[in-house]
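What follows is a short report on a single structure.
Quick note on labels: first sequence line is chain A, next is B, and so on, each numbered from 1. This structure is a prediction, so every number in the text was calculated from the model and none was measured.
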Number of protein chains: 2
Amino acid sequence: MLLDPRHLHILSAIVDAGGLSEGAMALGKSQPSLSRIVANLEARLGEPLFEKGRRPLRPTELCERLAAEGRTIARATHAAQSIADRFTSGQAGSVRVAGTPIFMDGVISNVIAGFQSAHPEVRVDQSYGYAKDLLDGITAGTIDIGICPMEEADVPSEFEFQPILKGRNVIACGAGHPLVRKRSLRLEDISEYPWITQPVGSPLFQDLRDVLNSIGVTDFKVSYSGGSLSSILNVLMGSNAMTVLPYSVVFMQPSKSIHALPIRIQHPRRQLGLLSKKDGTTQPAARRFVRHLTTQFRSLSQAITERQRQAVWKS
Amino acid sequence: MLLDPRHLHILSAIVDAGGLSEGAMALGKSQPSLSRIVANLEARLGEPLFEKGRRPLRPTELCERLAAEGRTIARATHAAQSIADRFTSGQAGSVRVAGTPIFMDGVISNVIAGFQSAHPEVRVDQSYGYAKDLLDGITAGTIDIGICPMEEADVPSEFEFQPILKGRNVIACGAGHPLVRKRSLRLEDISEYPWITQPVGSPLFQDLRDVLNSIGVTDFKVSYSGGSLSSILNVLMGSNAMTVLPYSVVFMQPSKSIHALPIRIQHPRRQLGLLSKKDGTTQPAARRFVRHLTTQFRSLSQAITERQRQAVWKS
DNA sequence: CAATTAATATAGCATAATGTTATGTTACTG
DNA sequence: CAGTAACATAACATTATGCTATATTAATTG
C-alpha cells in the first residue's frame, strides 16, 4: 500500500517544528497522536525515522527525505484550501456571460472592466447572443449569465430575470450630423437620412422598425448593417446615417462624437436584465458578478435619469 | 479544518481517469468509496465538483484546480514511496565509513569506487581513524562502519568484527631500489636503508617495529613519517627508503612503481575487518555496503593468495 | 549523582472515516 | 423504448484517528 500523504505532511511538521510536541501544536493535534503515527510509519518502513534514545529529536536521513516530500504535500494542500476558499467566496473562478452585442460592447464591457480590477482572479468568458440563444446557452450549461432586453412576461418560468435598466432608446447620429445643428426638430426630418441597422432578428432592429412605423415610415433606407458597435460608431461619425441605440450606450461613450437627437421616441417595452437559472446553482463567482452588475447599474441608471431630466429642461 | 490531501489525490485520479469507476480502478478502491468521498467534499465545499446529471462526468473548474493540486500530491507521495523503497533496499541513503588511513587510501577507496558505480544514490562519507577512534565513533553514532586491522580478542563484546582479509605485511620499496635487483636477499640487507613510518600509534608502526625487532634491529633510521599513502608512495619511488605495508596495498597499486621485497616477514596477528554495532541497527545502505565489501574482499584475497603462491615459485 | 524537568511512549477508549457488497437511479445507447 | 453502463445510496464491518491519563526516559541542575 502507498504511503499516506497525511503522514508525510505530519512528518514534515514534526521535523520543521523540531519535536513531537511542537509539531502537534503546529498541526493542532495531540502529541500522542503524532507519536503513534510515527511509530506506525517506522514499523511499516522497517526503518527508524528518528534516532532512538536522543532527546532533541533528530530525524534520520530517510526521515529528512520523506519530510521534504511532506512539505510539498503541505504546500499543495494549503494551495488547494486557498483555491477552495477564494472560489466559494466568489473571489476566484469564472463567469461565462453572454448578451446582445450592442449592450455588451457599449455598456457591459465597461462594467466588466471594473469587475475585473476588483476581482482579478475571476475569469470572464464573454460571448454574444440574443434572448433565444441565451436561454439555450443557460439550459445547456454553456453560459452562466445572460444579458439582454426582455419583457418579463416572455421569461420562461424556470429562469430568473432580473431587470437592471429600463428600456430607453434614442435616435443617434454623428456629432457632425446636419440635424444636430437644427433648432426645432420634427420627426419628419429624420426620414430623409439613411439608417444603420442591427441584424433582422435583433431587438434593436425591431425597435428601429417600430419607431419608424410609429411615424408612418415603413420604407426606410438602410445604408449599413451587421457591424458591431465600434464599426457602427465609426460609420455614424463618418456619415449622415442614423440609428437607434439604447440611450445607455450613447451615454457610456467617452467621446462626444455621438449625439442623441432630442426627439422623443417610444420606449421599448423590454427592459435590460440578467438571465440566469432559477435554482441558484450558479458559481459563487457568477453570483458576485451579478451583484457587481446590479449595483453598478443602479448608479448608472440614476446617472442616466439625471442627465435625461437636464436634457429635457434644455430642449 | 484543512482539506485532506488524500481527497485531492483521489480527485485528480478521478479527473485523469475520466470517471468514478475508472478512478476507483486506478486507485485500487471501490467505486462507491470514491462516490461518497466526492459527495462529502462537495458538501463541505458547498460547491459542485462535477456537473450534475451528465454522464461523461465533467469536472467543474474548481474541481480541475483542486485536481491539479492533487496531482502534485500524488507525485510527492509516489516520490516518497520510491525513496522509502530504495532506502529500505539499501539502494539509497548514506554510509559513514572510517578506517586506518593506509588501508582506506590504498585498498578501500578502490572498492568504494566500485560500490558507488553500482549504487550511485548512496552517499559514502569517509573519515580516518585507528581502532580506538572507530569504536568511539560507532558508539557515538557518528560512523556506521569501521575498517581496521584488529585481533578478534580485542573487540569489545558489544561490537561485531567481521574479518575480510588476513594480515600480510611486506617490506616495500620503490621500483628503482638497489635491493630490487639483488639476487639473493637476506634480512640483514635491509638494515642499512632508511625507513618511512606511520604515526607512532598506528598498527603499521607497531608492525614495522616488530619486524625489525625480530631481526635484531632496534635502532632504525626514520627518514620520513606522517604522510598519507600517496605521499608515502612518492617518497618510496623517489628515494631509497623502505617501509612496511600491507601486501594488499602494494597489490592494489596500478603501476609497477612499488615493489614488494621477497623477504618473508612475520605476519601481524591482526586481521583487516569490519567493525559495526552488534545490534544490527545499521542502515540498509550500510548493510549493502558491508555486503559489497565482503564479496569484493573475498575475490581480492583469492587473487592475493594466488599471486603470493606464484611469487613463492618464482623466488 | 540524585532530583527535577521536559519530552516522548504507551494504554484504553470513543468516534469518525474508510472500505466493502448489495442495490437503487439515471443518463446515454442502439 | 429497452438495455446497458455508470453513478448514487444503504448498511455494515473495520480501521484509523482522536483524546486523556499515565508511564518512561533523556537531559538538566543543584
Side-chain angles (χ1 to χ4, degrees), chain A residues 1-45 47-60 63 67 70 73-74 77 139-141 279 281, chain B residues 1-45 47-60 63 67 70 73-74 77 139-141 279 281:
Chain A
M1 201 181 65
L2 213 59
L3 286 168
D4 189 326
R6 288 176 306 169
H7 296 163
L8 297 168
H9 179 185
I10 287 171
L11 218 52
S12 75
I14 296 173
V15 169
D16 292 344
L20 283 184
S21 314
E22 293 90 333
M25 185 77 81
L27 292 171
K29 296 184 193 293
S30 69
Q31 169 265 321
S33 184
L34 302 207
S35 176
R36 184 175 43 190
I37 282 169
V38 168
N40 287 346
L41 255 182
E42 288 181 330
R44 281 199 21 209
L45 294 174
E47 290 296 319
L49 291 169
F50 296 92
E51 295 182 19
K52 298 293 136 189
R54 299 198 162 262
R55 226 4 108 70
L57 218 54
R58 246 191 5 218
T60 306
C63 180
I73 290 169
T77 309
T139 307
D279 57 6
T281 55
Chain B
M1 200 182 66
L2 212 60
L3 287 168
D4 189 327
R6 289 175 306 169
H7 296 163
L8 298 168
H9 178 185
I10 288 172
L11 219 52
S12 75
I14 296 173
V15 169
D16 292 343
L20 282 184
S21 313
E22 294 89 332
M25 184 77 79
L27 292 171
K29 296 183 193 294
S30 68
Q31 169 265 320
S33 184
L34 303 206
S35 176
R36 184 175 44 191
I37 283 169
V38 168
N40 285 348
L41 255 182
E42 287 181 330
R44 281 200 19 211
L45 295 173
E47 290 296 320
L49 291 170
F50 296 92
E51 295 183 17
K52 298 293 136 192
R54 298 197 164 261
R55 222 8 102 72
L57 218 54
R58 246 187 11 215
T60 308
C63 180
I73 289 169
T77 309
T139 307
D279 59 4
T281 55

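Straight-line distance from the CD atom of B:E51 to the P atom of C:dC28: 11 Å, rounded to whole Å. The distance from atom NZ of A:K29 to atom P of D:dA16 is 15 Å, rounded to the nearest whole Å. Atom-to-atom, CD1 of A:I37 to P of C:dT8 comes out at 15 Å; the value is rounded to the nearest Å. If you take CE of B:M25 and C1' of D:dA6, they are 12 Å apart, rounded to a whole angstrom. Counting to the nearest Å, the C1' atom of C:dA9 and the CG atom of A:L41 are 16 Å from each other. Spacing between atom CG of A:N40 and atom C1' of C:dA11 amounts to 14 Å, rounded to whole angstrom units. At whole-Å resolution of the value, CD1 in A:I14 and P in C:dA7 are 15 Å apart. At whole-Å resolution of the value, CG in A:L34 and C1' in C:dA9 are 13 Å apart.
The residue A:R54 sits close only to the backbone: its heavy atoms come under 4.0 Å of sugar-phosphate atoms, none of a base. At the heavy-atom level, A:S35 lies under 4.0 Å from base atoms of the strands shown. Backbone-only contact: B:P56 has heavy atoms under 4.0 Å from sugar-phosphate atoms and none from a base.
Proximity of a side-chain donor or acceptor of A:T60 to a complementary backbone N or O of A:P48 within less than 3.5 Å is detected. Judged purely by atom type and a 3.5 angstrom limit, A:Q31 has no side-chain atom pairing as donor or acceptor with the backbone of A:A24.
Put simply, A:S33 has a side-chain N or O that comes within less than 4.0 Å of OP1 or OP2 on D:dG18. Dashed line: the shortest gap from a side-chain N or O of B:H7 to OP1 or OP2 of C:dT18 is under 4.0 Å. Side-chain N/O atoms of B:R6 include none lying less than 4.0 angstrom from OP1 or OP2 on C:dA17.
In the set D:dC19, D:dC7, C:dT20, the nucleotide with an atom closest to the side chain of B:L20 is D:dC7. Distance from the side chain of A:Q31 is smallest for C:dA9 among the nucleotides C:dG19, D:dC19, C:dA9. The side chain of A:S30 lies closest to D:dC19, out of D:dC19, D:dG18, C:dT8. Among C:dT18, C:dT8, D:dT17, the nucleotide with an atom closest to any side-chain atom of A:S21 is C:dT8. When the nucleotides C:dT8, C:dA17, D:dT9 are ranked by their closest atom to the side chain of A:E22, C:dT8 comes out on top. Listed candidates were C:dG19, C:dA11, D:dA8. Nearest to the side chain of A:P32 is C:dA11.
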* To do: Mind running side-chain contact (heavy atoms from CB on, under 4.5 Å) on A:L27 and A:H9 for me, showing each step along the way?
  => CA-CA 10 Å; A:L27 292 171; A:H9 179 185; 4.0 Å; yes

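Checking B:A39 against A:R44, the closest nucleotide of DNA chain D that is more toward the 5' end is the one next to B:A39.
Heavy atoms only, all atoms of each residue included: A:S12 and A:A67 are closest at CB-O, 3.3 Å. Of all the heavy atoms in A:C63 and A:L11, the pair that sits closest is SG-CG, 4.0 Å. Pairing each heavy atom of A:L8 with each of A:L3, the nearest pair is CD2-CD1, 4.3 Å.
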